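Beneath this line is the structure, given in C-alpha cells, with notes to follow.
This is a predicted model, so every value here is computed, not measured. Along the sequence shown, the residues carry numbers beginning at 1. Both counts, for ligands and for their atoms, begin at 1 and track the order of listing.
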Amino acid sequence: MSDRRRQKAAEDGERSLIGPPSGHAGESLLGRDASTPFFVYLLAFFSALGGFLFGYDTGVVSGAMLLLKKEMHLSALWQELLVSSTVGAAALSALSGGFLNGWLGRRICILLASLVFSVGGVVLGVAQIKEVLLVGRVIVGLGIGIASMTVPVYIAEVSPPHLRGQLVTMNSLFITGGQFVASVVDGAFSYMSHDGWRYMMGLSVLPAALQFFGFICLPESPRWLLQKGRSQEARQVLGRIRGGRDIEEEYDAIRGSIEEEARDGGSGGVVILRMLSYGPTRRALVVGCGLQMFQQLSGINTVMYYSATILQMAGVRGDKQAIWLAAATSATNFVFTLVGVWLVERVGRRKLTLGSLLGTGLSLALLAVGFLLSAQNSPAVTLHPVDARNSTCRLYGSCELCMLDPDCGFCYLENGTSVFDSSCLPVDPASTDSAAWGRCSNRTEESTSPYWAYNHCPTPYSWVVLLGLILYLASFAPGMGTMPWTVNSEIYPLWARSTGNACSAGVNWIFNVLVSLTFLHVAEYLTYYGAFFMYAGLAVVGLLFVLCCLPETKGLQLEDIENLFTRQLCSCGGLPANDSRHVHYVRQSSDFTAAQYGAVESDCAIAYITVSTVFEALPLFCSSAENPILTYNHVSLFLQLR
Ligand SMILES: O[C@H]1[C@H](O)[C@@H](O)[C@H](O)[C@@H](O)[C@H]1O
C-alpha cells in the first residue's frame, strides 16, 4: 500500500469514527466527497429506457385490447393470450437472461433488449391477423424479461455508492412512467376506433430505437470487464464514470473481490448450484426472490387492473372516462414512485420497504372493508324478466351475487342514491359493455335509460374503496414498487449477480402471471373483499419477512454487501436497533495500525474480519465477545465500526 493511500485511508477512517458531517449514517467513504459526473446520469437515463419500455408494453395492452377485441373479433381466450403471453415470455427470458448477462455483458444485453423491443413494436404495428399479434406480444415479452434483470444490475454497477439507490430506483420510476405514458396514449388513441391500437402498440419503437442508438456509444460495466480480465478497459471506464477522481480504491476493491473468489476456487460449475451451496449467496437469493414474490403478492397488478372497475363503482360511467381515470391511477403510481427515489438514500432501503409494506397492508384492508360494506348493502334484484335462454342470471337475488357470476351483469335505474327496477341479465358474449338482451342490451346515453354494471355494483360506499385505492398506491409505489428491484441489484457478489437477478426477476414475472390469472377466480370464490383481505394478509407475511431478513445496504460499496449475509438468515435484518448509532464500513487492503484510525475502545463493538495480517489492532477496535480474535494470513480487513 502506498504511503499516500495509507494516509488517505487513515483520514477516512478517522472521519468515520467521528461520524459523518452530513449525518447520513452509513454513507460510503467512496462516495461522500464525490461530485458525480453528468455521464453517470446519462448512462442511468439510457439504461432506464429499458424500464420505460417494460412499463409501456405491459401497460398499453389494456387500452389497446378495448379496440382490438372489436376490430379483430377476439374471443376471451385470445384476449387472455395476448395479455399473458408477454408476461410469460418475460418470465422465461428473465430466467435465461442471467446466462446472457454473464456471457455477453450488460451492455450487449441492453442493446439486444432494445433491438428486440423495436422488432416487437414493428410486428405489433403492422399485424393483420391475431396470430401475428401474438408473435409480436411474445417478442416484446422477451425484451421486457432481459431488460428487467439487466438494467438494474448495470445501473448499480456504474453508480457511485452514495447515489446507487437513487439511480437504480430511477429505473422503477421509468417503469411506472412507461405505464403512465401508455395509459395517456391509450386515452388519446381510443377515439380512433379503426387502427388506433396499431399506434398504441407500435409507438414503443421510438424509445426502443432511442435506447439502441444511445447505448451504442455507451460503455460496458467496469465490474463485468474486470471479471472478464479486461482490466485496461475496466480502468478506463471507471475513470470516465468517476469523472477523473481517484479510482484506485474502488478498482482494488473490485479486483480484490474477484481474486478472492478465484482463490476460493469457486469459478467453475453451475452458478445457481454454487449460490445455493454457499451461505451468504443462498441467503441473499432467498431475500431477493422473497422481495420480488411479495411485491407481486401484494396485488399491485390486480389493483392497477381493477382500478377502472373501482372507479366505475365510485360512479364513473362510460368507457372513455374509465380510460382517462385509469390514466389518473397510473399517474398516482408514478408520482409516488418519485417519492421513493427521493427517500431511498435518506431513510435507506429497509425502513422504506417496511413502511411501504405496513401502509400497503392497511390500505388493502381498507379496500377489503370498502368491498365488504358494498357487498352487505348490495341492492336487491327487483325484476325477474322471462329469460328465454334459461340462464343462471335470473336465479340471483342481489347485485352482489349477480356480479360475481362472470356471465351476468346488473341492469338498473337510479334516483339519487337509490336503485330501483333492477334485474340480473346475461352479458353479451361479444362485449361486456351491454346485456345480451333486454333493457340494457341497447343502451343510449339518455338519462332515462337504465345503467349496466358488469363486475361491480352501485354502492354508497365507493368512497371507501376509492380512498383505499389512493392510499394503496401512495404506500406501495415508493417502497414495494421499487425496492425489490433496487435491493436485488446490490445484494449478490459479482460472480452471482447475473444469476441472482435472473432468478429474482423470474420469480417476479412468475408471480405476476399467477396473481393476475387467478384474481378473477379468487374473487369468484372468496368474493372481492375476501380477495383483498387475502392480499392484506400476504402483505403482513411480507412485512414479517422483511423485518427479519432484509439488511440495510445503503451507502455500502457493492463488494462489501456480501458480508451482510454471513449471519443466519433471519437475523441479518435484525441487528440490534440503535438509530442514533452511525455504522460505517471500512475496507482496508493492507496492514495498518489502530492508531491510524484514531480508534478508542468505545467506538467499536464488532469487527468482521475477512483476512488480515494485523490482528493485534483488533482488541483496541473491538471489545465485544462476538468478535473473533483470530490470526489471519492475508491482507484485507473489513470492519463494521459502531
Ligand atoms: O415495480 C413494478 C411497478 O410497481 C409496476 O407498477 C408493476 O406493474 C410491476 O409489476 C412492478 O414490478
Return the set of residues passing side chain to side chain donor-acceptor pair (under 3.5 Å) with N333 (not counting sequence neighbours), or none when no residue passes.
none
Salt bridge (charged side-chain N to carboxylate O under 4.0 Å, His left out) partners of residues 106-118, not counting sequence neighbours, each pair once
R106-E157
Would you say the ring centroid of F46 lies under 6.0 angstrom from that of F215?
no
Identify all pairs of nitrogen or oxygen atoms, one from ligand 1 and one from the protein, separated by less than 3.5 Å, and list them with distances.
residue: ligand 1; atom: 1 (O); partner: Q295; partner atom: NE2; Å: 3.1
residue: ligand 1; atom: 1 (O); partner: G481; partner atom: O; Å: 2.7
residue: ligand 1; atom: 1 (O); partner: W485; partner atom: NE1; Å: 3.0
residue: ligand 1; atom: 6 (O); partner: Q179; partner atom: OE1; Å: 2.8
residue: ligand 1; atom: 6 (O); partner: N333; partner atom: ND2; Å: 3.1
residue: ligand 1; atom: 8 (O); partner: Q179; partner atom: NE2; Å: 2.9
residue: ligand 1; atom: 8 (O); partner: N301; partner atom: OD1; Å: 2.7
residue: ligand 1; atom: 10 (O); partner: Q296; partner atom: NE2; Å: 3.0
residue: ligand 1; atom: 10 (O); partner: N301; partner atom: ND2; Å: 3.0
residue: ligand 1; atom: 12 (O); partner: Q295; partner atom: OE1; Å: 2.8
residue: ligand 1; atom: 12 (O); partner: W485; partner atom: NE1; Å: 3.3

Find out whether W78 and L134 are in side-chain contact, i.e. whether some heavy atom of one side chain is under 4.5 Å from a heavy atom of the other.
yes
Please list all pairs meeting salt bridge (charged side-chain N to carboxylate O under 4.0 Å, His left out) that have one or both residues in residues 464-490, counting only residues at least two apart or in different chains.
R164-E490, R349-E490
Do F565 and C549 come within less than 4.5 Å of each other through their side chains, counting heavy atoms only?
no
